[in-house]
Amino acid sequence: MVHTPFTHRITFALVLSTGTVYAASAAQQSLPSAQQQAKANAPKTAPHPTAAKPAVAQATAPQNTGKLEEITVRSNKRAQQANTTPASIVALSGKTLQTTGVRDALSLARDVPGLMAETTSGSANPRYRLRGIGTNDFSANMTTAVGVSEDDVFLDSGASQGVPIYDLDHVEVFRGPQGTLQGKNTTAGMVSYYTKKPTNTLDGYVRGTAGNYGLWGEEGALGGPIIKDKLMARFAIVNRDYDGQYYNGSHKNPTGGYQYYDMRGQILAKPVDNLSILVKMHLGRNKTKVPIDHVGLLPGGEDAQGYTQTSTRNIQNNGRTDATTRRAGLSVNAKYDFENGWSLANIFALEWNHFNVFSDDDASPAPVDYQENIGGVARVLKQRGPGCFSPEQKNTLCGRRLLHAQPHPVL
C-alpha cells in the first residue's frame with residue numbers, strides 16, 4: 001500500500017487527537033474530587049445564588065485581568081522573575097509565541113526589539129544580530145556573536161541554531177556581552193530556548209495550520225506520568241510544508257518555500273526525592289527552496305548571456321537552489337538537591353549537525369553551469385558542570401565547562 005503525504009498527516013492528527021482527548025478526559029475525571037474538596041473546606045455560610053457561575057467561567061475561560069505575565073528566567077544562572085532581573089532582557093512565554101505566530105528564528109526577530117535574523121538560505125541557517133552586532137559569515141560552522149542555547153545546551157554551529165519553535169515553555173533574549181555566564185561567542189548577547197518539561201499532569205495538544213501557497217502544518221505534544229512522582233515523559237513533534245510564493249520557470253514548479261519536521265522526546269526520572277535526571281533526545285530536518293533573484297549589470301537589467309528577468313516573482317534558476325539542515329542530539333541533565341538548600345547540577349550533551357546548500361550563482365537559464373555547493377558537518381561533545389548553587393541561587397565556581405567541536409567542511 002502506498003502512503004501519501006496526506007495519509008501521513010491524517011494519521012499524525014488522529015494519534016495526537018486521541019492523546020489530547022485522553023488528557024482532557026483525565027482532567028475532567030479529576031475535577032469532581034477537587035470540587036468536593038473545595039466544598040468541604042468552604043466556610044459554613046450561605047453562598048450567593050450566582051457565586052458558582054463566575055467560578056465555572058473562570059475555570060473554562062480565564063478572563064484577561066490586565067496583569068503582566070510572570071516569566072521565570074534562568075539564563076543568568078538564577079531562577080527569578082524577568083521583571084526583577086538586573087539585565088537588558090526580553091522574555092516571551094510559549095503561549096505568547098503561539099499567539100504571535102512565531103515558528104522559527106526569523107519570525108522570533110519580529111517580536112524582540114533589537115534582535116535581527118538574516119539569512120541567505122531560509123530558516124535553515126539564520127544569522128542573529130543584537131544591537132547591530134553579528135556576523136556576515138553564512139558557513140555551517142561559523143563563529144557567532146549571538147549565542148544560542150536550548151535547555152542550557154549551547155548550540156555552536158550556525159546551522160544548528162535554526163531550530164523550529166514549538167512546545168516551548170519560554171524564550172529568553174539577553175542583550176549585551178554574556179561571556180561571564182555563557183562563555184565565548186556571546187559578545188552581542190544570548191538567545192535561550194527552554195522547552196516544556198515532563199510533569200505529573202497528563203496533558204497534550206494538537207494544532208493544525210493551513211494557508212495559501214500550499215501552506216500546511218501539524219504540531220502536537222503529549223506528556224504525563226509513567227510512574228507517579230518517579231518517572232515522567234513528554235513527546236512533541238512538528239511538521240510544516242510551504243510551496244512558496246515564487247515560480248521557477250526553468251523547473252516548472254513553485255519555489256521559495258520549505259519543508260521541515262522536528263521531534264523531541266524527554267524522560268524525567270526521580271529515583272529519590274532529592275535527585276532528578278532528565279534525558280532528552282531530538283531529531284529533525286529543514287529543507288528550504290531558496291529563490292535567487294537575477295541582477296543584470298547591463299542596460300535594462302541584461303546580463304552577459306543576454307538574459308533579463310522580467311518579473312520579481314517569476315525566476316529562471318536552472319540550477320539547484322535548496323538548503324538542507326539535519327540535526328540530532330542527546331542530553332542528560334542531572335541535579336541533586338541537598339537538605340541545606342544547596343544544589344549540584346551537571347549537563348552532558350552530544351549534538352550533530354549537517355548543512356548543505358546549493359546555489360545557482362548566475363540566477364539565469366543560461367546553459368553555462370555556475371553551480372556552487374557549500375556544506376559542513378559539526379559534531380559537538382559538551383560537558384557543563386558540575387555547578388554548585390547556594391540557597392540564594394547564586395552560582396559558584398565549583399566546576400568547569402568543557403567544549404569540544406569537530407567541524408568537517410564539505411566543499
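For the numbers below, each heavy atom of this structure counts, side chains included, while hydrogens, waters and symmetry mates do not.
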| Would you call Arg320-Asp360 a salt bridge at under 4.0 Å N-O? | no
| request: Quick one: pull up CG in Leu92 and CG in Leu108 and give me the separation to the nearest 0.5 Å. | output: 7.0 Å
| query | What are the two closest heavy atoms between Ala105 and Tyr128, and how far apart are they? | reply | CB-OH, 2.9 Å
| field | Side chain Asn317, main chain Gly319, donor-acceptor under 3.5 Å | value | no
| field | Whether over 12 other heavy atoms sit under 6.0 Å from Met281 CE | value | no
| query | Just how far is it from atom CG of Asp104 to atom OH of Tyr260, taken to the nearest 0.5 Å? | reply | 6.0 Å
| Does the side chain to side chain contact (heavy atoms under 4.5 Å, CB included) test come out yes or no for Leu278 and Gln266, once each step is laid out? | CA-CA 7 Å; Leu278 178 65; Gln266 301 182 76; 3.8 Å; yes
| query | Between Tyr246 and Asn314, do the side chains contain an N or O donor and an N or O acceptor separated by less than 3.5 Å? | reply | no
| said: Tell me whether Arg264 forms a cation-pi arrangement with Tyr166, defined as NZ or CZ under 6.0 Å from the six-membered ring centre and within 45 degrees of its axis. | reply: yes
| field | Between Ser343 and Asp337: side-chain donor-acceptor atoms closer than 3.5 Å | value | yes
| request: Kindly indicate whether the side chain of Ile165, heavy atoms from C-beta on, has any atom under 4.5 Å from the side chain of Tyr193. | output: yes
| Does any non-hydrogen side-chain atom of Thr209 lie less than 4.5 Å from one of Trp216? | no
| request: Determine whether Val191 and Val146 make a side-chain contact, defined as any pair of heavy atoms from C-beta on separated by less than 4.5 Å. | output: yes
| task | Could you go through the side chain to side chain contact (heavy atoms under 4.5 Å, CB included) check for Val238 and Tyr261 one step at a time? | result | CA-CA 5 Å; Val238 63; Tyr261 70 86; over 6 Å; no
| Separation between NZ of Lys382 and CZ of Phe154, rounded to the nearest 0.5 Å | 7.0 Å
| field | Check: Gln259 and Asn239 side chains under 4.5 Å, non-hydrogen atoms | value | yes
| request: Using a strict 4.0 Å threshold on nitrogen-to-oxygen distance, state whether Asp262 and Arg285 make a salt bridge. | output: no
| Taking atom types as modelled and ignoring hydrogens, do the side chains of Thr96 and Thr99 form a donor-acceptor contact shorter than 3.5 angstrom? | no
| task | Search all heavy atoms of Val377 against all heavy atoms of His354 and return the closest pair with its distance. | result | CG2-CD2, 3.1 Å
| request: May I ask you to decide if the ring planes of His170 and Tyr194 are parallel, tilted or perpendicular, using 30° and 60° as cut-offs? | output: parallel
| said: For a quick test of reading the model, state the closest non-hydrogen atom pair linking Leu215 to Tyr242 and the distance between them. | reply: CB-CD1, 4.0 Å
| task | Go through the structure and list residues passing side-chain hydrogen bond (donor to acceptor under 3.5 Å, both in side chains) with Asp293, not counting sequence neighbours. | result | Gln309
| field | Ile292 vs Ser359 side-chain heavy atoms within contact, under 4.5 Å | value | yes
| field | Distance-only side-chain donor-acceptor flag, Asn286 / Thr288, under 3.5 Å | value | yes
| Polar contact flag, side-chain donor to acceptor under 3.5 angstrom, Asn356-Asn373 | yes
| said: Distance alone, cut at 3.5 Å: any donor-acceptor contact between the side chains of Ser250 and Gln316? | reply: yes
| Can you name the nearest heavy-atom pair linking Ser192 to Ser149, along with the distance? | OG-OG, 3.2 Å
| task | Kindly indicate, with the supporting measurements, whether the criterion side chain to side chain contact (heavy atoms under 4.5 Å, CB included) is fulfilled by Ser276 and Leu268. | result | CA-CA 7 Å; Ser276 63; Leu268 177 62; 4.2 Å; yes
| Sequence neighbours excluded - ring pair (Phe, Tyr, Trp, His ring centres under 6.0 Å) pairs with any residue from residues 97-118 | none
| field | Min side-chain heavy-atom separation Tyr258-Arg240 under 4.5 Å | value | yes
Between side-chain atoms of residues 227-236 and protein atoms elsewhere (two or more places apart, or another chain), which donor-acceptor pairs fall under 3.5 Å?
{"unit_1": "Asp229", "atom_1": "OD1", "unit_2": "Asn200", "atom_2": "ND2", "d": "2.7"}
{"unit_1": "Arg234", "atom_1": "NE", "unit_2": "Asp167", "atom_2": "OD2", "d": "3.0"}
{"unit_1": "Arg234", "atom_1": "NH1", "unit_2": "Asp203", "atom_2": "OD1", "d": "3.1"}
{"unit_1": "Arg234", "atom_1": "NH2", "unit_2": "Asp167", "atom_2": "OD1", "d": "3.0"}

| query | So, Arg313 side chain and Gln245 main chain: donor-acceptor pair closer than 3.5 Å or not? | reply | yes
| After noting the C-alpha distance and the side-chain angles of Glu339 and Asn274, does the key distance pass the side chain to side chain donor-acceptor pair (under 3.5 Å) rule? | CA-CA 8 Å; Glu339 294 182 357; Asn274 296 340; 5.0 Å; no
| Any side-chain heavy-atom pair from Val279 and Leu330 closer than 4.5 angstrom? | yes
| request: Would you mind telling me which of Val171, Val163, Leu168 makes a side-chain contact (heavy atoms from CB on, under 4.5 Å) with Glu150? | output: Val163
| note | d(Gln371 CD, Phe358 CZ) to nearest 0.5 Å is 7.0 Å
| task | Start with the C-alpha distance between Phe348 and Leu381, add both sets of side-chain angles, then the distance that settles side chain to side chain contact (heavy atoms under 4.5 Å, CB included), and finish with yes or no. | result | CA-CA 8 Å; Phe348 172 82; Leu381 170 66; 3.2 Å; yes
| message | Regarding His282 and Glu351, do their side chains bring together a donor and an acceptor under 3.5 Å, going by distance alone? | response | yes
| request: Given salt bridge (charged side-chain N to carboxylate O under 4.0 Å, His left out), test Glu218 with Arg207 step by step and report yes or no. | output: CA-CA 6 Å; Glu218 310 96 356; Arg207 182 178 296 110; over 6 Å; no
| Can you check salt bridge (charged side-chain N to carboxylate O under 4.0 Å, His left out) on Lys280 and Asp151, steps first, answer last? | CA-CA 10 Å; Lys280 170 188 168 185; Asp151 293 330; 2.9 Å; yes
| field | Check: Asn318 main-chain N/O paired with His251 side-chain donor or acceptor under 3.5 Å | value | yes
| task | Side-chain contact test, heavy atoms from C-beta onward, threshold under 4.5 Å: evaluate it for Phe338 versus Leu344 and give yes or no. | result | yes
| query | Distance only, no hydrogens: is a donor on one side chain within 3.5 Å (strictly under) of an acceptor on the other, for Glu219 and Gln98? | reply | yes
| task | State the CG-CG distance between Leu155 and Asn353, to the nearest 0.5 angstrom. | result | 9.0 Å
| Closest heavy-atom contact between Gly189 and Leu130? | CA-CD1, 3.7 Å
| field | Nearest-0.5 Å distance, CG of residue Leu106 to CZ of residue Arg127 | value | 10.5 Å
